[in-house]
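Computed from a predicted structure; not experimentally measured. Numbering starts at 1 and runs along the sequence shown. Note: hydrogens, waters and symmetry copies are ignored here, and every other heavy atom, side chains too, is used.
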Amino acid sequence: MRGQHDREVVVGGEAVERGVAGPARRVLERGPARHRDPHDLGGGAAAARPGRDLGGDLGAAGAQPVIDVQHDHARGAGDVDRGVGEDPRVGAARARHADARRRGDGGDSGGDGAADAEDDGGRATTRHRRQDSGPAAHARPARARQLTGCHRGSKFRRPMARNEPPAPPPGPLSRLRRDLAGPRGYQRVDALLSSPDPAAAVAALSPPALFELVTQVGFADCTDLIALATPEQIRGCLDLDLWDRDRPLVDTAQPWLAAVIEAGFEKVGEVWDGLDPELRALVLQRHTRIWDLSLGEEPDESSGLPWYFTPDTFFCVELQGDEDHVRHTRQLLEDLYRADPVLARHSIMAAHSEPASELEETAYRWRSGRLADLGYVDFYEALDLFQPLEPDQVTIGEGTQERPDLIDDEDHAPRALPATIAEQVVSRSFLARALDAVADPAEAERLEGAILIVTNKVLSAARVKPGDLDALRRGAAYATSTVSLGLEIVARGDVERAAATLASVSLTRLHRVGHTIALKLARLARGLAAGAALAGAPAADVVDALVRPRPWLSRVLDDPPGPGVRPFESQADLRRVAEVLSRLTLRVAIAEALGVDLRAVAELPEPRPALDDHARTALVRVVTGGPLSSAPLTGAELTAFRAAGFDGAALRDDAGERAQAAIAGLLDRQGLAAGRDALPALVAGWLADLERTFGGLTGAIDGRFVDGVLVAATRS
């Protein structure tokens, strides 16, 4: 925030600024050197904030806003009121709230956003009564609307009496469950606005959590919530919502800015000053055409679009777009000139003179740096999350754990898990139990931040928009499941060892371990893909899920079975898949030992033989005393099998013994020993299939109506 002396210098030098073009003008547009915008690309910003060019500011939300000069009187009261160790923003807000109450409604009767008196129901309401002029409007303290209650007529009403909030239960898992069991959606917004200090309650939300809440509830019912949000939170929400990869969707900012405009010109000035200068220029460029009257530029009267002449008479702004865009742009410009004329001029000058491509490139760089602190890194950097890492390469106590950012407390943005991610954390059995064993609150907070970063890296690797809540839900499920699997493997299923692992091993490395184990199953599945195409359920579904770009677990193995796929979560998942693949390996080996070219069969059009049809055909011959061959059966062979192999409707006892001996001898001749434990159950299953097919038949058998075996075609 600029001091009064600096403002006079800038305003007094305005004529000098307007005679400068090119890079020198861009520097002047951002004000005096010692008050240069923190996002400036000039030497002052680079020297003050080293490392921005290498990935962005270390703080996820940047510096906190400084209270305006006109509200300095509130700081002393805030220092006394807030107590030792309290956030200065919260104390200052409480001081302004108390100051507004002491004055009462009568002392603010001419203000721009005067608070209404309490209605008959006892609710404190804050409907704005906007005025375009008047000295009282500029003298009114900021955020009075934010601190006096809820919007009249909305569904959010302050209760008459409130109980003291319960003490947080011990353990991070219990706290997460408590938060998830608390109000959600509309009720969460109502609870935040009805808290004893709504400004502090809203400020405690991380930008992703605020964005998730606004997206779920909708802007129409979140006007009061956005009015209480800090400029850093609004900027963080725009970082998530405004960009499609490296392309800004500027129109997406309109509902956010419209909600900020409803909060009054002071809030508009605070939020606008917290945005990147390049983004401010892009927003104005999107729906305006600007003429610099001080340089002799003449507006184009042929367009027929409405104009806005700035109060300093320097610019004529043509308002483009539909009626809503025109109204919002006009109100935005009016509020900016009321809040900070110098900032308004700089924004208009940048929108008028800077090329859009350069603005987009620079704004994207700042946004990428901030999101990198939350895990939204470059695509190729995010792929490191999927590099193979063997479990024996990870050691408890190795000291690779993620460490908290070395930043000041005032710059520390909250990283509380959004509800979407918290739901996935508590549903991961082993990870949840390991987290619950963490007793240190600071360690629990660090782990929550690490989980958020790993989840966002998964989203970056998938190249999805950070603001896509459905993608966030899927990414959170994949990240937490894979981390839980890697943790269970490294800790050998022991919860105490798991807690020690979380304290000393990076979650990224645990994710890599879990992914590596799933990759081993995927490599085995790819070798069985041809046979799996003929194997039927559940083997075909399991292999199809494994051979995807990233291995997944088919839900047919769940209890109860379901459709679709999910990530691997535990060693029990690995055992179920390994069992299916082991049986499939044995089935494929028997078919190939019988001389079947499975790849060629898989390319045949439907109807084509199933994988086990070849083995069942060979068993029919063995039971009737013939060789172990999968050649198609004749009608006579089918009739002989029914007569010689059955005792009534059931197979004879010696049929099973002959079948087991024949298949075991085949595997011995091929030198196949793997998976032999599953052979008795596999052969018994094939014989049961034959018993169901032939047990009820009598007389001559027509092969056209027999399933499960290969039958030679007959010509009429």
Side-chain angles (χ1 to χ4, degrees), residues 56 60-61 180 184-185 188-189 205-222 225-226 229 233-257 259 279 282 360 363-364 366-383 385-386 413-425 427-428 448-483 511 548-550 552 564-567:
L180 291 175
R184 306 288 292 273
R188 176 77 185 283
V189 176
L205 297 174
S206 65
L210 176 64
F211 175 79
E212 180 184 45
L213 187 57
V214 173
T215 303
Q216 291 174 346
V217 176
F219 288 96
D221 293 317
C222 285
L225 185 72
I226 297 176
Q233 287 175 315
I234 300 296
R235 185 183 63 186
C237 291
L238 291 178
D239 286 342
L240 296 173
D241 198 26
L242 196 62
W243 294 83
D244 181 11
R245 297 189 182 179
D246 59 349
R247 185 169 61 92
L249 307 177
V250 181
D251 284 344
T252 309
Q254 181 182 356
W256 294 97
L257 295 178
L279 181 58
L282 287 171
E360 291 180 5
Y364 178 70
W366 297 144
R367 178 255 188 183
S368 299
R370 287 189 295 270
L371 289 188
D373 295 330
L374 296 175
Y376 290 105
V377 296
D378 177 77
F379 167 74
Y380 295 101
E381 183 179 350
L383 292 181
L385 202 62
F386 301 95
R415 289 191 177 181
L417 288 178
T420 300
I421 302 179
E423 288 175 341
Q424 301 299 328
V425 172
S427 64
R428 305 280 88 83
E448 289 185 29
I451 291 172
L452 177 64
I453 289 176
V454 171
T455 299
N456 293 341
K457 282 185 177 181
V458 170
L459 296 180
S460 296
R463 291 182 171 177
V464 298
K465 183 179 178 181
D468 187 341
L469 293 185
D470 289 336
L472 175 61
R473 186 174 296 105
R474 295 191 298 269
Y478 190 93
T480 55
S481 297
T482 309
V483 167
H511 186 282
R548 298 186 181 189
R550 290 177 192 155
W552 295 83
V565 297
R566 65 172 176 85

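Rounded to the nearest 0.5 Å, atoms CZ (R188) and CG (L205) are 5.5 Å apart. One distance of note links CG of L452 with CG of N456; it measures 4.5 Å at 0.5 Å rounding. A distance of 12.0 Å separates OG1 in T252 from CG in L240, rounded to the nearest 0.5 Å. Annotation: the span from L469 atom CG to Q216 atom CD amounts to 6.5 Å, rounded to 0.5 Å. The structure places CD1 of I421 at 5.0 Å from CG of L472, a figure rounded to the nearest 0.5 Å. The CG atom of L238 sits 11.5 Å away from the CG atom of L249 when rounded to the nearest 0.5 Å.
In this pair, H511 and F386 present their aromatic rings perpendicular. The plane angle is above 60°, beyond the 30 to 60° band.
Between A477 and R428 the shortest heavy-atom distance is O-NH1, 3.9 Å. Across all their heavy atoms, A461 and F379 have their closest contact at O-CE1, 3.1 Å. Listed here is the closest heavy atom pair of S427 and Q424: OG-O, 2.9 Å. Scanning all heavy atoms of the two residues, the minimum distance from I226 to A259 falls at CD1-CB, 3.6 Å. For the pair P567 and Y478, the tightest heavy-atom approach, listed with the atom from each and the gap, is CG-CA, 3.6 Å. Listed here is the closest heavy atom pair of A382 and S460: CB-CB, 3.8 Å.
Using a 4.5 Å heavy-atom cutoff, the side chains of T482 and L385 are not in contact. At least one side-chain heavy atom of R548 sits less than 4.5 Å from a side-chain heavy atom of V565.
Each salt bridge (charged side-chain N to carboxylate O under 4.0 Å, His left out) pair with one or both residues in residues 453-466, not counting sequence neighbours, appears once here: D241-K465.
Looking only at distances, a side-chain donor or acceptor of E212 sits under 3.5 Å from a matching main-chain atom of A419.
Residues satisfying the side chain to side chain contact (heavy atoms under 4.5 Å, CB included) criterion with L225, sequence neighbours excluded, are V189, L192, V202, L210, L213, V214, C222. Residues passing the side-chain hydrogen bond (donor to acceptor under 3.5 Å, both in side chains) test with R550, sequence neighbours excluded: none.
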